[in-house]
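Encoded as structure tokens, the structure appears first; notes follow it.
These figures come from a predicted structure and were not determined experimentally. Positions are given from 1, in the same order as the sequence printed here.
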Amino acid sequence: MKAAIAIVMVFVGCCSNVVFLELLIKEDPSSGNIITFAQFFIIALEGFIFTAHFGTKKPSIGIKDYAVLVAMFFCANVCNNYAFNFNIPMPLHMIFRAGSLIANMIMGILILKKTYTISKYLSVFMITLGISICTIVSGKDVKATAPLNQVVPEQSEVEVLFWWTVGILLLTIALFVSARMGIYQEVLYKRYGKHPRESLYYTHLLPLPGFLLLYDNLYSHIISFAESAPITVPVLGIGLPKLYMYLAGNVLTQCLCINSVYVLTTECTSLTVTLVVTLRKFVSLLFSIVYFKNDFTIAHWIGTILVFSGTLIFTEVVDKIKVALSAPSEKKVK
């Protein structure tokens with residue numbers, strides 16, 4: 001029952017989070033930093049209370065080790081956020097981030113000297129091809145974006161394409177930094193044991209001082225969010241700024257999403273977790289296309305199918321499902 005509730009909450013929390021994120025990005029493409037800061041602050045606050053027990057519980061993994069992990073985590077998040085400033089539509093952003101397996105494989109080969117089966121290389125080829133198709137097609141019709149309450153700047157096609165390329169470069173950097181972070185985290189877990197809740201807390205707490213470097217950006221968005229059109233809250237009977245309402249929804253659903261995935265990892269097999277997360281991404285993508293009326297051509301669909309099919313092959317979900325289904329029948333025969 002606990003696992004079933006966790007699966008439902010993953011879909012509810014994570015898919016709703018994407019909706020609130022796109023609502024914010026549609027209104028203000030440059031709001032990534034204030035969104036991330038709000039998420040980090042709330043998750044760190046929750047961790048301070050329930051994981052660190054108000055700072056009385058010492059970490060199992062050294063702070064110096066966490067500092068390296070956090071530096072990579074902060075860098076990846078900032079790059080992902082700034083990509084929205086450079087004409088990157090949400091569906092492309094979601095598809096591109098699904099290419100984390102490619103980066104993980106490359107990093108695994110270079111750093112850990114890993115070798116992979118033919119099926120793994122095939123799946124990565126499919127994912128790369130899918131992302132390439134979506135990227136090329138999206139690059140043919142990019143549009144200039146502007147922050148809230150500002151006029152879209154007049155840019156030539158060359159300028160728009162140039163900034164779009166910068167956005168793609170930022171997403172690529174974030175992808176490989178995240179992959180390197182995953183390998184480093186794997187090394188830490190082998191050395192100290194697995195402490196996912198503690199890791200979640202410190203990777204959100206330690207980067208908070210880094211947001212001081214983004215003070216001007218955060219302050220300008222605090223003001224612009226406050227000046228956004230009000231939405232009347234029925235219970236309170238008062239109007240609250242629309243973007244702050246969206247931000248609150250995004251932060252709360254992010255907390256629900258992360259905690260639900262954590263419960264899922266403790267209650268279910270890795271197969272179930274992989275399948276649920278992959279399906280969740282696909283549902284979020286479909287909702288983004290339909291509800292927000294994002295441009296999505298046949299070429300985009302082909303690329304998307306290649307990405308998700310490659311992901312399923314890489315994680316061997318189909319084979320594991322066959323094994324899981326055949327196990328009960330084998331027991332009956334015995």
Side-chain angles (χ1 to χ4, degrees), residues 11-46 77-94 97 138 141-155 159-160 163-164 167 170 208 211-258 283-296:
F11 277 93
V12 172
C14 299
C15 292
S16 299
N17 179 257
V18 173
V19 171
F20 282 113
L21 176 61
E22 186 150 8
L23 285 170
L24 286 163
I25 296 302
K26 288 280 187 183
E27 292 281 342
D28 185 357
S30 64
S31 60
N33 288 326
I34 191 171
I35 296 170
T36 304
F37 172 74
Q39 290 177 353
F40 276 37
F41 180 79
I42 296 300
I43 292 172
L45 180 62
E46 186 264 346
N77 274 276
V78 169
C79 287
N80 276 321
N81 290 334
Y82 267 109
F84 286 118
N85 290 351
F86 302 107
N87 315 323
I88 303 295
M90 179 63 79
L92 179 59
H93 194 279
M94 294 166 67
R97 292 184 70 174
S138 296
D141 189 30
V142 293
K143 300 173 183 177
T145 56
L148 182 68
N149 298 328
Q150 293 185 24
V151 179
V152 176
E154 292 186 7
Q155 296 179 356
E159 287 177 313
V160 172
W163 290 117
W164 174 83
L170 285 172
L208 288 178
F211 284 98
L212 291 173
L213 300 173
L214 307 171
Y215 170 78
D216 290 338
N217 181 273
L218 292 175
Y219 180 74
S220 65
H221 281 87
I222 289 172
I223 300 301
S224 63
F225 272 36
E227 294 173 347
S228 61
I231 294 179
T232 302
V233 182
V235 178
L236 300 176
I238 59 174
L240 297 176
K242 177 172 62 176
L243 292 186
Y244 273 124
M245 295 289 288
Y246 291 163
L247 183 61
N250 178 267
V251 171
L252 292 175
T253 52
Q254 177 73 357
C255 292
L256 178 61
C257 174
I258 288 178
V283 170
S284 296
L285 179 63
L286 289 178
F287 191 87
S288 174
I289 296 163
V290 175
Y291 184 79
F292 292 100
K293 298 179 180 178
N294 286 303
D295 294 332
F296 219 74

Check your understanding: Do Ile35 and Leu24 touch side chain to side chain, with heavy atoms closer than 4.5 Å?
Key -> yes
Study note, to complete from the structure: Taken to the nearest 0.5 Å, the spacing of Leu213 CG from Asn33 CG works out to 10.5 Å
Practice item. Side-chain contact test, heavy atoms from C-beta onward, threshold under 4.5 Å: evaluate it for Ile88 versus Trp163 and give yes or no. Key: no
Review point. When you check the side-chain N and O atoms of Asn81 and Thr36, is any donor under 3.5 Å from an acceptor?
Key: yes
Exercise for review: Please round to the nearest 0.5 Å and tell me the distance separating atom CD of Gln39 and atom CD1 of Ile34.
Suggested key: 11.5 Å
Revision key, fill the gap. CD1 of Ile258 to SG of Cys14, rounded to nearest 0.5 Å, is 8.5 Å
Check your understanding: Are the side chain of Thr232 and the backbone N or O of Gly239 linked by a donor-acceptor pair below 3.5 Å?
Key -> no
**Study point:** For the student: nearest non-hydrogen atoms of Ala44 and Leu208, plus distance
**Key:** CB-CD1, 4.2 Å
**Study point:** Parallel, tilted or perpendicular: ring planes of His93 versus Phe84, cut at 30 and 60 degrees
**Key:** parallel
**Study point:** Sole candidate of Leu45, Asn17, Ile43, Asn250 that passes side chain to side chain contact (heavy atoms under 4.5 Å, CB included) when paired with Cys255
**Key:** Ile43
Practice item. Find out whether Val251 and Phe37 are in side-chain contact, i.e. whether some heavy atom of one side chain is under 4.5 Å from a heavy atom of the other. Key: no
Review point. Is any side-chain heavy atom of Phe225 less than 4.5 Å from a side-chain heavy atom of Ser31?
Key: yes
Practice item. Taking all heavy atoms of Thr253 and all of Ser16, pick out the closest pair and write down the distance. Key: CG2-CB, 3.7 Å
Check your understanding: Do His221 and Asp28 have a side chain donor and acceptor closer than 3.5 Å?
Key -> yes
Revision key, fill the gap. The reported gap from OG in Ser224 to OH in Tyr219 (rounded to nearest 0.5 angstrom) is 11.0 Å
Practice item. Identify the heavy atoms of Cys15 and Ser284 that sit nearest to each other, and give their distance. Key: SG-OG, 3.4 Å
Review point. Which atoms form the tightest heavy-atom contact between Leu218 and Phe211, and what is the distance?
Key: CD1-O, 3.6 Å
Check your understanding: Can you find a heavy atom in the side chain of Val19 that is under 4.5 Å from one in the side chain of Leu23?
Key -> yes
**Study point:** Pro241 to Ala226 - nearest heavy-atom pair and separation
**Key:** CG-O, 3.7 Å
Review point. If you round to the nearest 0.5 Å, how far is OH of Tyr246 from NZ of Lys26?
Key: 12.5 Å
Check your understanding: Which atom pair, heavy atoms only, marks the closest approach of Ile222 to Tyr244?
Key -> O-OH, 2.9 Å
**Study point:** CG on Leu243 to CE on Met245, rounded to 0.5 Å
**Key:** 11.0 Å
